[in-house]
J.: 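Take a look at this one; I'll ask things after.
All values reported here derive from a predicted model rather than from experimental measurement. Within every chain, numbering begins at 1; the chains are lettered A, B, ... in the order of the sequence lines, protein sequences first and strands thereafter.
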Amino acid sequence: MQIHITTSDGVPPYLQIVNQVKYLVASGRLAAGEELPPIRVLALRLRVNPNTVARAYRELETAGVVEKRSTTGTYVSYAGSPLARREKLRIVIERIDALLAEARQLGFDAHEIHDLVRQRDAAMKPPESEK
Amino acid sequence: MSESVVDIQGVTRRFGPKTALDDVSLTVPRGVVFGLVGANGAGKTTLIKHVLGLLRAETGSVRVFGRDPVADPVGVLSRIGYLSEENDLPGWMRVDELIRYTRAFYPDWDDTYAEELRQTFALDPAARVKNLSKGQRARAGLLIALAYRPSLLLLDEPSSGLDPIVRRDILAAIIRTIADEGRTVLFSSHLLEEVERVADHVTMIDQGKIALSAPLDAIKESHRCLTLRFAESRPQPPVVPGVLVWEGAGQEWTAVCRDGPARLEEAANQWGAQIVAERVPSLDEIFVARVGIPASAVAEE
Amino acid sequence: MRSYAAALAWEFWRRHRWGLAILVIYLAALLVFAAVMGTTDPSPARMALLASVVGTAAIPLVAAYMLVLVVFSFGSQADLASRESIYPGRMLTLPVRTAALTFWPMFYGTVAAASLWLIVARFVFWPCGMELPLVWPALLAASFLAWTQVVMWMPYPLPLLRAFAAVVLLGVLLVTPQLAIQLAVPDGVIAAVLAPSLPLAYVAACVAVGRARRGDVPDWRWLLALPRRIAESRTRRKADFTSPARAQVWFEWRRHGRSLPFIVGILLPFALLLLFIADSDMPDVVLNTLAGVCFLPPFMAGFAATTVSKANPYVRDYYGVPPFTGTRPLTSAGLVAAKLEMAAWSTLAAWLLVLIATPLALTLSGQWPVITNAVQSWLAVESPLRVAVITVLIGLGLVAFTWKQLVQNLYVGLTGREWFVKLTVFVGLAILALVLPIGKWVYDHEQVRASFRDLLPWLAGIAVGLKASAVVWIVRGLRRRRLLRDRTLVTIGTCWLICFVCLLGLLLWLVPARLAPWYLLALGAALILPLARPAAAPLALAWNRHR
């Protein structure tokens, strides 16, 4: 699981972990049912406070991305999370609004954004040929 | 009920005419990584020496684990692991002699853990301390500070002058310590990047006084770095309460402010300026803003 | 400052200004004293008296000469055992030629040493009637300083070679004047022999500093590698320490414990040498040599004591307690107890050396008959019991005295305050400079000696009173800082009283009543047994450790 923490861009480390894990799950690099490293091990690897990792795991659990199984560890949850669709929609809409605002400022219109979204989606899919 | 590991109240310390600590009060709760940050000569080492009992509190009180380190050195020091920035391990000792000597003082010494650390740090048991490199000496000091799993790990600028590999070892040691229940870490550093990564709580000391003491999250949330673009070029930025430092020239000025961006947004509206960028400053920038130059304009030439 | 010479002179002055100022004041006092006393009433008897008084007043001059030696060879924080040159590294990188770097310190040093003697001899000794030669002792002083500089500034291929060279040099210095006086060599010849040694020393020093500058020193440490590897392979698995106190005693032993046995071991062969040179019809020489050997450990202990309380030279604050020792979870009293125990082991080791070497030397040189004769003549006078007891007592007394020398002045170094250490040294020397002449004067005058003997009990009583009040003050300090438990204090006090009673009993039995009344013996015993100063050591250490 490849995660990289920087302290320079102002995003809190726990949020960086949350976002990157979500990205890895979405892009398929973390399969459903796969185990996430224990808190202590990840903290040592990333060289951050274990409390930070614990907080990230809690957020991910609340968001339904992972689930904690009593003492055995933390696992990526299967699709169909208990989180309401409404909540998921809210998160995605927030991202889209931010994207549109930035794009407008930089001079892109909605059509160009649409095309770009399609392109990036195709690039993110796991390659079929490797099966 | 002493949940706090270190409790310093109203300590003032003078060395001749110079005031090293001025009415400093600090409480370190259990189970946190406590970062002490300050310029050279600000008083960090003096504070740490008070915790160890190497300096007697002239005014106020110092309590570590509820005891006075000067009156009860054995009770306090047997639960503290200390790594100093100075090179004070006896040069004539060999590594295995150093381990054998140190373990006699601590009943909680863990032999297997010490051996594991020795192998991880690649320390040759027959090597004499004076023949070790600076990084190896730091590792040896770290080994004898960690092997008995102290309740309080006290590090005084542990990374100064060390290569990145040793610095990683030190950070890993901090993280391993804090991952265990009930153990606390207090360390002073100028490498603010590292402090930002691992600290739960940060205290900034400036010329013997505490400039800021808060959890790291709170510090990051309350400080903002905003860039304002004014309608016309200004020789001096406006005076706004809450702004620590201004930087810039002409029409664009960047401010680091505390207590949230609200006041600055109001001021921007007042002066007809536009906020073009907003971000969270790094701890480094907050530190320089707080402690470096007094809150006045810094014009770029 | 335009030239290197001026800069160097300024540095010498600035660094040691207090020592040099005190030296100047002392010299001035001597000069004034000699000038005033020498010109009034030049009768021969009075002159003889004056000569002896001034002679003893000048003993601190030896200390002054040592100060000059140390200052001008840059030895004030030198490590005698190291391989590298003592010449300060930062000066070696100056844009100054090696010849100049060597010349100026040597010039200042030799001028200072020679002028010290010349001034004292001409203006203090001569007016008081002691017509000592001027030229050759000045040359000897200058030459010794120059060669000391060579020994100090030379880098060596092996550690400790410098100490060895220094001892040899010291031997030469001590032997030369004695030989010259014995063989009645004329002054001019001695001067002529000594004079070329100065340029020779300069050349040698240039070579030494040159080598130090270029760093080309052969490294012979591989010679020591094999014995060291053998020693290390033998001590493969050491048992663990049973308690913190044991560990601390081991620490102190490794750091300081071997200095006294080492010094005694080096000097013992030289001292025992006389046994081999003496003929069989010179029993006095043999007995004097043995007495000298017996007093060697206590005498050397006085020197070794200065190292027992010194701190780690690697740490910034040279005199303070280094954090490594200060953060040991051990009480200050525990740290001091470890030092006291280490001193005991050190003493035993040194005496073991003496006890092994002396009979060996006696056997090898065939001087046993002298000893047996002396013992038999003594047995003829005294009962065997008393002889045996006195011998054992003297033996134990010497061992105890050696230990006392080692630990007595612990408290000075342990305070960690440089000003305190230097003040103590200064007070000691000042007392020496005053007491010795006065003592000599008292000794020479009959009536004064008699009245002094009457006054002695009172003086001893005052001294005991001072000691008692010091002990009270120290005990109060110890209790207030809670450095020692009350039970420990009571135990120490009881032990001291037991020792006192035993010592007093022995003295009463052995010393005839006409020599000294019982109260004088009691006061003497109270003064001899150490109490105040060792007890002050934990207080001093705590003052140092918790600043």
Side-chain angles (χ1 to χ4, degrees), chain A residues 1-21 35-63 68 70-74 94-95 97-108, chain B residues 29-35 120 159 164-165 167-181 183-185 187 191-202 215-226 256 261 274-287:
Chain A
M1 194 170 87
Q2 195 59 266
I3 295 191
H4 177 66
I5 304 288
T6 57
T7 48
S8 51
D9 63 1
V11 179
Y14 87 91
L15 202 54
Q16 293 182 38
I17 299 178
V18 167
N19 290 340
Q20 290 185 43
V21 166
E35 188 184 0
L36 289 176
I39 293 178
R40 192 188 161 116
V41 170
L42 188 60
L44 269 173
R45 203 195 307 165
L46 297 177
R47 295 191 308 288
V48 290
N49 197 316
N51 292 337
T52 308
V53 177
R55 191 170 166 194
Y57 278 21
R58 276 199 300 274
E59 286 263 334
L60 288 167
E61 199 184 355
T62 319
K68 231 195 221 149
S70 53
T71 49
T72 41
T74 315
E94 243 179 67
R95 294 289 205 117
D97 285 344
L99 172 61
L100 285 175
E102 183 117 18
R104 207 154 284 169
Q105 205 170 41
L106 292 168
F108 292 94
Chain B
R30 230 158 61 113
V32 298
V33 177
F34 201 95
T120 315
S159 308
I165 305 173
R167 279 198 256 131
R168 281 191 190 200
D169 289 337
I170 292 177
L171 266 186
I174 294 177
I175 293 167
R176 262 197 232 111
T177 305
I178 201 62
D180 285 344
E181 274 306 307
R183 292 167 69 194
T184 315
V185 176
F187 79 115
L191 297 176
L192 290 162
E193 222 180 64
E194 292 183 348
V195 175
E196 227 176 322
R197 290 180 96 98
V198 293
D200 287 313
H201 192 115
V202 170
L216 184 60
D217 294 335
I219 295 179
K220 294 293 278 226
E221 265 163 48
S222 64
H223 286 77
R224 283 288 180 278
C225 188
L226 285 100
V256 177
Q274 208 189 358
I275 296 181
V276 284
E278 180 178 340
R279 64 182 176 85
V280 177
S282 71
L283 195 61
D284 207 59
E285 291 169 318
I286 298 175
F287 176 68

J.: State which residues pass side chain to side chain contact (heavy atoms under 4.5 Å, CB included) with A/Pro13; sequence neighbours excluded, sorted by chain then number.
T.: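 For A/Pro13 the side chain to side chain contact (heavy atoms under 4.5 Å, CB included) partners, ignoring immediate neighbours, are A/Ile5, A/Thr52.
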
J.: With a 4.0 Å cut-off, would you call A/Arg40 and B/Asp180 a salt bridge?
T.: yes

J.: Going by ring-ring contact (aromatic ring centres under 6.0 Å, His included), name the residues that satisfy it together with B/Phe34, two or more places apart in sequence or in a different chain.
T.: B/His201

J.: If you count heavy-atom pairs under 4.5 Å between each of A/Pro12, A/Pro50, A/Ala54 and chain B, which one has the most?
T.: A/Pro50

J.: May I ask you to decide if B/Arg176's main-chain N or O and B/Arg183's side chain share a donor-acceptor pair within less than 3.5 Å?
T.: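 Not confirmed, B/Arg183 side chain does not pair with B/Arg176 backbone.
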
J.: Indicate yes or no for a side-chain donor-acceptor contact from B/Glu193 to the backbone of A/Thr7 under 3.5 Å, with no hydrogens or angles considered.
T.: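 No, B/Glu193 side chain to A/Thr7 backbone: no donor-acceptor pair under 3.5 Å.
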
J.: Determine the option with the most heavy-atom pairs under 4.5 angstrom with chain A, choosing from B/Val280, B/Asp284, B/Asp200.
T.: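 When all of B/Val280, B/Asp284, B/Asp200 are compared, B/Asp200 has the most.
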
J.: Select, from B/Arg168, B/Glu221, B/Glu285, B/Glu194, the one with the greatest count of heavy-atom pairs under 4.5 Å involving chain A.
T.: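 If we count pairs closer than 4.5 Å to chain A, B/Arg168 comes out on top.
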
J.: Tell me the residues of residues 100-108 of chain A whose non-hydrogen atoms fall below 4.5 Å from those of chain B, in number order.
T.: none

J.: May I ask you to decide if A/Val11's main-chain N or O and A/Gln16's side chain share a donor-acceptor pair within less than 3.5 Å?
T.: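 Yes, because the side chain of A/Gln16 sits within donor-acceptor range (under 3.5 Å) of the backbone of A/Val11.
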
J.: Report the residues that fulfil side chain to side chain contact (heavy atoms under 4.5 Å, CB included) with A/Glu59, sequence neighbours left out, ordered by chain and then residue number.
T.: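 A/Glu59: side chain to side chain contact (heavy atoms under 4.5 Å, CB included) contacts with A/Tyr14, A/Val18.
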
J.: At a heavy-atom separation under 4.5 Å, does B/Leu171 approach chain A through its side chain, its backbone, both, or neither?
T.: side chain

